[in-house]
Amino acid sequence: SNRLATYARRLVVARGFRRRSPRRARGIEALTRQQTPAAAAATPTTTPATSMASPAAPAAPVAPAAMPAAPQQPQQPAEASSSPAAPSSSWLPGWMRRVRLPYPGSFESLHQETKGTFPNSQLIDGVKLGLAKPASQHLQVTHTFTLGGRQQPADYHFSATYVGAPDEGTPVLMGDVDTAGNVMANCIHQWSRAVKSKVQLQLAGAQHQLTTDLDYRGADFSANLKAINPNVVDGSAIFVGNYLQSVSERVALGVEGMYQFGNGMQQSGLSFGGRYRGTQGTFTGNASPTGGVMLTYHHRVNEKVAVATELECNLLSRQSLVTVGYEFDLRQANFKGQVDSGGVIAAVLEQKMAPGVSFVLTGTIDQTKANAASFGFGLLLGGAQ
């Protein structure tokens with residue numbers, strides 16, 4: 001303590017605390033007088049030498065040492081600021097604090113990757129000519145002609161799409177009409193980053209169908225509520241709701257329910273779905289208590305090659321169908337093909353001849369039926385589908 005007092009006294013003189021700030025010097029002397037009894041009590045009294053050193057104790061009260069340590073006091077607020085942050089996440093499970101779960105997508109798009117590998121949606125029967133032309137900055141019109149089909153008669157489709165500016169908050173409007181009088185209209189509006197609604201109307205002769213969707217997107221989950229043909233007069237409607245939740249970085253689980261009522265009957269159904277996404281492959285599945293099972297697997301071999309398989313079966317009727325498909329996505333061409341256990345083989349080749357110009361060749365054959373083959377080609381201009 002004597003050595004520390006001597007060092008403190010020299011430090012005070014060197015820094016000029018007494019000359020620069022008399023108030024601080026008086027505070028040091030007061031603190032010295034308060035700490036003197038404690039220093040004297042802690043000093044052994046067995047030898048006269050210690051008693052001779054006691055007069056130096058009044059100047060030694062480590063006060064100068066305490067003054068240099070005083071700047072460490074502002075660390076106390078840091079402890080106070082860190083303490084409120086702990087309760088903010090202490091109630092969460094540990095795995096949720098360590099891992100931020102990804103957005104799983106919608107329940108209806110569980111099999112989207114596999115379905116996109118199959119060429120079913122691009123098959124042409126006969127000749128098809130599509131022309132897409134922008135009418136303005138926000139409006140685009142499409143003309144589609146189909147001729148010479150064996151299963152589908154010749155027809156003409158006129159489609160229009162309106163997309164407003166992102167900052168205007170206007171909905172996306174889409175419409176389609178053909179020569180048979182069939183009309184389809186869609187209205188999609190993004191209310192916020194999490195809420196989106198969609199209204200679809202289909203008119204085919206005397207039949208019509210009205211579908212309204214409401215989607216909610218969370219950070220790691222998605223929810224959808226759908227109403228089909230709600231009729232207040234007849235008291236009939238079909239309601240479908242689904243929910244998909246990410247339970248880990250690779251696994252997502254969900255459930256979908258359906259309820260139908262009207263015309264003196266009621267019907268309900270329930271199905272479960274899940275997806276596992278690996279480094280190169282994605283496995284998805286759906287199952288319902290009525291016996292319907294659907295399993296798909298999509299494997300990305302590399303950036304240009306992908307393969308997929310699908311198993312669809314009904315455990316009650318003991319019927320099943322297995323489909324295997326592949327896709328080659330080259331720089332100037334895209335080739336898709338599939339073959340199923342029912343004997344149906346299909347293929348599509350799309351050649352990109354120039355920006356906005358594509359030539360398409362398609363073919364389908366059913367090995368189990370006679371004369372069940374179709375061939376088609378098309379020319380798509382301006383990015384028409």
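Excluded from the calculations below are hydrogen atoms, water molecules and symmetry mates; all remaining heavy atoms, backbone and side chain alike, are included. Predicted model only: the values in this text are computed from it and were never measured.
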Considering all heavy atoms, the nearest [X]-[Y] contact:
{"X": "Ser222", "Y": "Ser106", "result": "OG-CA, 3.6 Å"}
{"X": "Gly363", "Y": "Leu123", "result": "O-CD2, 4.4 Å"}
{"X": "Gly105", "Y": "Arg275", "result": "N-NH2, 4.5 Å"}

Listed by chain and number, what are the ring-ring contact (aromatic ring centres under 6.0 Å, His included) partners of [X], not counting sequence neighbours?
{"X": "His208", "result": "none"}
{"X": "Phe375", "result": "none"}
{"X": "Tyr243", "result": "Phe221"}

Decide whether [X] and [Y] are clustered together by the hydrophobic rule: side chain heavy atoms of Ile, Leu, Val, Met, Phe, Trp, Tyr closer than 4.5 Å, transitively.
{"X": "Phe359", "Y": "Val127", "result": "yes"}
{"X": "Phe145", "Y": "Val141", "result": "yes"}
{"X": "Leu379", "Y": "Leu131", "result": "yes"}

Are the side chains of [Y] and [X] in contact, using a 4.5 Å heavy-atom criterion?
{"X": "Thr296", "Y": "Leu311", "answer": "no"}
{"X": "Gln266", "Y": "Gln260", "answer": "no"}
{"X": "Leu210", "Y": "Val199", "answer": "yes"}
{"X": "Asp125", "Y": "Ser374", "answer": "yes"}
{"X": "Leu110", "Y": "Asn286", "answer": "yes"}
{"X": "Thr364", "Y": "Val344", "answer": "yes"}
{"X": "Cys187", "Y": "Lys198", "answer": "no"}
{"X": "Arg250", "Y": "Thr279", "answer": "yes"}

Please set out all donor-acceptor pairs under 3.5 angstrom arising from side-chain atoms of residues 316-335, sequence neighbours excluded.
residue	atom	partner	partner atom	Å
Glu327	OE2	Asn334	ND2	3.1

side-chain contact (heavy atoms from CB on, under 4.5 Å) assessment of Leu214 paired with Thr212: CA-CA 7 Å; Leu214 183 63; Thr212 59; over 6 Å; no
Please identify each residue that fulfils salt bridge (Lys or Arg N to Asp or Glu O under 4.0 Å) with [X], with sequence neighbours left out.
{"X": "Glu113", "result": "Arg277"}
{"X": "Lys115", "result": "Glu310"}
{"X": "Glu256", "result": "none"}

With sequence neighbours excluded, give me every salt bridge (charged side-chain N to carboxylate O under 4.0 Å, His left out) pair touching residues 222-245. Glu108-Lys226, Asp213-Lys226
With side-chain contact (heavy atoms from CB on, under 4.5 Å) as the test, would you mind laying out the steps for Thr362 and Phe377 before giving the verdict? CA-CA 6 Å; Thr362 70; Phe377 65 92; over 6 Å; no
Any donor-acceptor N/O pair, [X] side chain to [Y] backbone, under 3.5 Å:
{"X": "Gln245", "Y": "Asp220", "result": "yes"}
{"X": "Ser109", "Y": "Gln112", "result": "no"}
{"X": "Asn231", "Y": "Gly235", "result": "no"}

Please identify which of these residues, Asp176, Thr146, Thr144, Thr142, meets the side-chain hydrogen bond (donor to acceptor under 3.5 Å, both in side chains) condition with His157.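 Between His157 and the candidates, side-chain hydrogen bond (donor to acceptor under 3.5 Å, both in side chains) is satisfied uniquely by Asp176.
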Tell me the ring-ring contact (aromatic ring centres under 6.0 Å, His included) pairs involving residues 105-138, sequence neighbours left out?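 Every pair satisfying ring-ring contact (aromatic ring centres under 6.0 Å, His included) with a residue in residues 105-138: there are none.
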Test: ring-ring contact (aromatic ring centres under 6.0 Å, His included). Region: residues 173-194. Which pairs qualify, not counting sequence neighbours? His189-Trp191
Taking atom CG as the centre, does Asn263 end up with more than 12 heavy-atom neighbours from other residues, nucleotides or ligands that are less than 6.0 angstrom away?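 Result for CG/Asn263: open.
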Under 4.5 Å side-chain linkage, directly or through intermediates, the cluster mates of Phe239: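 ILVMFWY cluster around Phe239 also holds Tyr259, Phe261.
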Remaining members of Leu270's ILVMFWY cluster at a side-chain heavy-atom cut-off under 4.5 Å?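 So far as hydrophobic clustering goes, Leu270 is joined with Val255, Phe272.
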Does a donor on one side chain sit under 3.5 Å from an acceptor on the other, for Lys133 and Gln140? no
Charged tip of Arg217 within 45° of Tyr103 ring normal and under 6.0 Å: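 Checked: cation-pi criterion met.
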